[in-house]
Every structure is written in C-alpha cells, then in structure tokens.
Amino acid sequence: MSTAPITRAEYCVIACAEAWRGDGEVLASPMGLIPGIGARLARRTFSPDLLLTDGEAMLVGPDGRPEGWLPYRRHLALVTGGKRHVMMGASQIDRHGNQNISCVGDWERPARQLLGVRGAPVNTLNNPVSYWIPRHSRRVFVERVDMICGVGYDHAVGPYHRLPRVVTDLAVLDFATPDHRMRLASVHPGVTVDEVRAATGFELAVDGDVPPTREPSAEELRLIREVLDPAGLREREVPAR
C-alpha cells in the first residue's frame, strides 16, 4: 500500500463514510463522488448492512455487482418511511440546516437559476439527510437561504426528519445543540477553528476544544486508494493544500 500522507480528500471520504455509521439496513443515497466513495467504504467496513444502489433499479454490492432488484415503487416507499439516508449537496445552507439548490436571489426574479427544488423537501422530511459541500465558503454558509428546499430544524415536522452531519473540505459540522444550531464537530488536519469561522456567514456553535477529524485506518486507506478510487478522482474534487 502507498505510504503517501493522508490527503484532505481522504479525510473528507472518511468523514462522509461516518455519516452512515450505525444506520443498519437502510438505503444509502450518496450524491457526488466523495460521498459515493464514503458510502461504499462504510459498507465494506463498519456498516455491512448498508444497502447501495446503482442509481436505477438494482441494489448492488460494494463491488458494483447486482444483489437485488429495487423497482421504482419500492424506492418511493423507502423515501417516505425513513429507511433511506441521503447525502446531497447545497448551494446555500443556514445555521439550522435549511438548504437551497433552487435559485440565488428573489424567487420571483432570481439572479441565478440553479437545479430547482427537486426531491429535497421529501428527502429531508422523510429521511435522515446529510450534506457534502466541497468548497466551504460564506457564499454557501449563509445567514438565511434565498429559498428553502431541504428543510432545516426550525421548519421541520414529522418523525423521520434528522440532519446527522455536514461535511466540507474544511470540517465536519452537526446540529448537536439544544436549539439544533449548527455546531463545529471537528476540523480536518491543517485547518484551524478560526479558518472555519471566517469561511462561515453566521456564528457557529463551538464546544471547547474542537477535535481533529479522525484519520482513516490503514485498511480504510488501502480500500480508498486501491479498491474504491484507484484513479485518485477524489483528489480532483478536493485538491491537496
């Protein structure tokens, strides 16, 4: 196995994988390269009951081989029953986890049109949803989102709403505070708390000394580098600093 130092991208992979720890037999729906590597890593290591999909109609194993059939009607049942854990992106996110992927500016006359609401409201109200943000900045972490797509804790209803974590290229954040305000849970090695605060457009909750994001084990690192992403595509999404 390569003895190269652990890269920022690899810390991001392990931080994303940790989102599914302890989930049991639920459908993982990672959206994006690094969340996808993270979900497959979790399945191969500490979350063996995790279900993976090919994005169409098949359940697949960690190697991509079909394990079962997931017709659309069954997928919709999972979406509304809390048996799915999504990790999606955010063009904007606020202190309570409200997410925007629809537009920048006023909805009636936006300065920029984005993806649209898509399935964000249903995802967040009916399943655990985590977020992956490859560029932590004040443009993304805003005081108030221009439009609520994914529902945060201050607007949430229903028994299945839960936002376990937000992973960025700088840190891991969660909502483990009495008022479900975003908290700085860990910083990636080489990043300071002040850097994260400076890149965030609102005040983060910080509890004492913020720990570093955990390192991948030797076996996890081998899987990332040799099995899950031997081409090193993760380094393009989060370049070395």
Side-chain angles (χ1 to χ4, degrees), residues 1-21 28-47 50 52 55 62-64 86-93 99 101 114-115 129-142 164-174 182-202 204 206 209-241:
M1 187 186 74
S2 170
T3 58
I6 302 170
T7 67
R8 181 73 60 83
E10 289 162 346
Y11 279 104
C12 291
V13 168
I14 198 67
C16 286
E18 285 288 344
W20 287 283
R21 183 183 287 275
S29 293
M31 301 180 188
L33 174 68
I34 283 182
I37 299 170
R40 287 182 288 144
L41 179 64
R43 167 67 187 272
R44 283 180 175 267
T45 54
F46 51 76
S47 292
L50 204 62
L52 303 174
D63 58 1
V86 178
M87 180 171 280
M88 60 189 302
S91 300
Q92 294 178 330
I93 191 168
Q99 171 248 34
I101 52 172
L114 304 174
L115 288 173
V129 173
S130 295
Y131 290 105
W132 160 241
I133 298 169
R135 298 289 182 274
H136 192 134
S137 74
R138 286 176 172 263
R139 292 179 63 182
V140 179
F141 288 81
V142 296
R165 64 173 42 197
V166 179
V167 181
T168 81
D169 61 330
L170 299 182
V172 178
L173 308 108
D174 61 23
M182 192 180 291
R183 179 184 75 115
L184 183 56
S186 72
V187 291
H188 303 331
V191 179
T192 67
V193 171
D194 286 343
E195 284 179 289
V196 179
R197 281 174 163 156
T200 306
F202 52 83
L204 289 167
V206 177
D209 293 333
V210 178
T213 303
R214 84 159 177 94
E215 291 186 358
S217 68
E219 175 61 11
E220 289 168 336
L221 202 57
R222 184 192 70 81
L223 288 169
I224 293 169
R225 294 177 175 180
E226 298 180 9
V227 179
L228 300 174
D229 184 29
L233 298 178
R234 62 194 178 277
E235 304 300 335
R236 297 182 186 179
E237 188 161 10
V238 182
R241 297 195 177 191

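For reference, positions follow the sequence shown, starting with 1. All figures in this text were calculated on a predicted structure; none of them were measured in a lab.
Checking Glu235 against Thr7 by side-chain atom types alone, a donor-acceptor pair falls below 3.5 Å.
Glu195 contributes atom CD, which lies 3.5 Å from atom OG1 of Thr192 (distance to the nearest 0.5 angstrom). Tyr11 OH to Cys16 SG: the interatomic distance, rounded to the nearest 0.5 Å, is 15.0 Å. The CD atom of Glu226 sits 8.5 Å away from atom CG of Leu223, with the distance rounded to the nearest 0.5 Å. Interatomic distance, OG1 of Thr200 versus CG of Leu173, reported as 7.0 Å (0.5 Å rounding). Note that the CZ atom of Arg236 and the CG atom of Leu33 stand 9.5 Å from one another [nearest 0.5 Å]. Summarising the geometry, atom CD belonging to Glu219 is positioned 9.0 Å from atom CG belonging to Leu41; distances are rounded to the nearest 0.5 Å.
For Leu228 against Arg40, the heavy-atom pair with the smallest separation is O-NH2, 3.6 Å. The minimum heavy-atom distance between Glu10 and Ile224, with the atom names listed, is CG-CG2, 4.2 Å. Arg135 and Pro239 make their closest contact through NH2-CD, 3.7 Å (heavy atoms, listed as atom of the first residue, atom of the second, distance). Nearest approach of Ala28 to Ala39, heavy atoms of both residues: CB-CB, 4.3 Å. Contact detail for Ala171 and Ser186: the closest heavy-atom pair is CB-O, 3.1 Å. Contact between Ala90 and Tyr131 at its shortest, heavy atoms only, is CB-CD2, 4.3 Å.
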Q: Applying salt bridge (charged side-chain N to carboxylate O under 4.0 Å, His left out), run through Arg165 and Asp174 and close with a yes or a no.
A: CA-CA 4 Å; Arg165 64 173 42 197; Asp174 61 23; over 6 Å; no
Q: For side chain to side chain contact (heavy atoms under 4.5 Å, CB included), just list the numbers for Ile14 and Glu215, CA-CA rounded to whole Å, side-chain angles, deciding distance to a tenth of an Å, and then say yes or no.
A: CA-CA 7 Å; Ile14 198 67; Glu215 291 186 358; over 6 Å; no
(Q) Checking Leu170 against Val187 for the side chain to side chain contact (heavy atoms under 4.5 Å, CB included) test, could you report, in this order, the C-alpha distance in whole Å, the side-chain angles of both residues, the deciding distance, and whether it holds? (A) CA-CA 6 Å; Leu170 299 182; Val187 291; over 6 Å; no
(Q) Before you tell me yes or no, could you show the steps for Ile93 and Val142 under side chain to side chain contact (heavy atoms under 4.5 Å, CB included), namely the whole-Å CA-CA distance, both residues' side-chain angles and the distance that decides it to 0.1 Å? (A) CA-CA 6 Å; Ile93 191 168; Val142 296; over 6 Å; no
(Q) If you apply the rule side chain to side chain contact (heavy atoms under 4.5 Å, CB included), what do you find for Val166 with Val172, and how did you get there? (A) CA-CA 6 Å; Val166 179; Val172 178; over 6 Å; no
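The shortest distance between side-chain heavy atoms of Ile37 and Val13 falls below 4.5 Å. For the pair Arg222 and Val227, the minimum side-chain heavy-atom distance is below 4.5 Å. In this structure, the side chains of Ile133 and Val167 stay at 4.5 Å or more apart for every pair of heavy atoms.
Using bins of under 30°, 30° to 60° and over 60° for the plane-to-plane angle, the ring pair Phe141/Phe202 lands in the tilted bin.
Take Val238 and apply the side chain to side chain contact (heavy atoms under 4.5 Å, CB included) test, not counting sequence neighbours, and it matches Arg8, Ala9, Cys12, Ile34, Trp132, Asp169.
A salt bridge is absent between Arg225 and Glu220: the closest approach of a Lys/Arg side-chain nitrogen to an acidic carboxylate oxygen does not fall below 4.0 angstrom. Ion pair Arg21/Glu18 flagged as a salt bridge, since at least one NZ, NE, NH1 or NH2 atom sits closer than 4.0 Å to an Asp/Glu carboxylate oxygen. Between Arg234 and Asp229 there is a salt bridge, with a side-chain nitrogen of the basic residue lying less than 4.0 Å from a carboxylate oxygen of the acidic one.
Using modelled atom types, one side-chain atom of Ser47 and one backbone atom of Trp20 make a donor-acceptor pair closer than 3.5 Å.
Of the residues Gln99, Met87, Met88, the one that meets the side-chain contact (heavy atoms from CB on, under 4.5 Å) test with Val129 is Met88.
Heavy atoms of other residues, nucleotides or ligands lying less than 6.0 angstrom from CZ of Arg139 number 12 at most.
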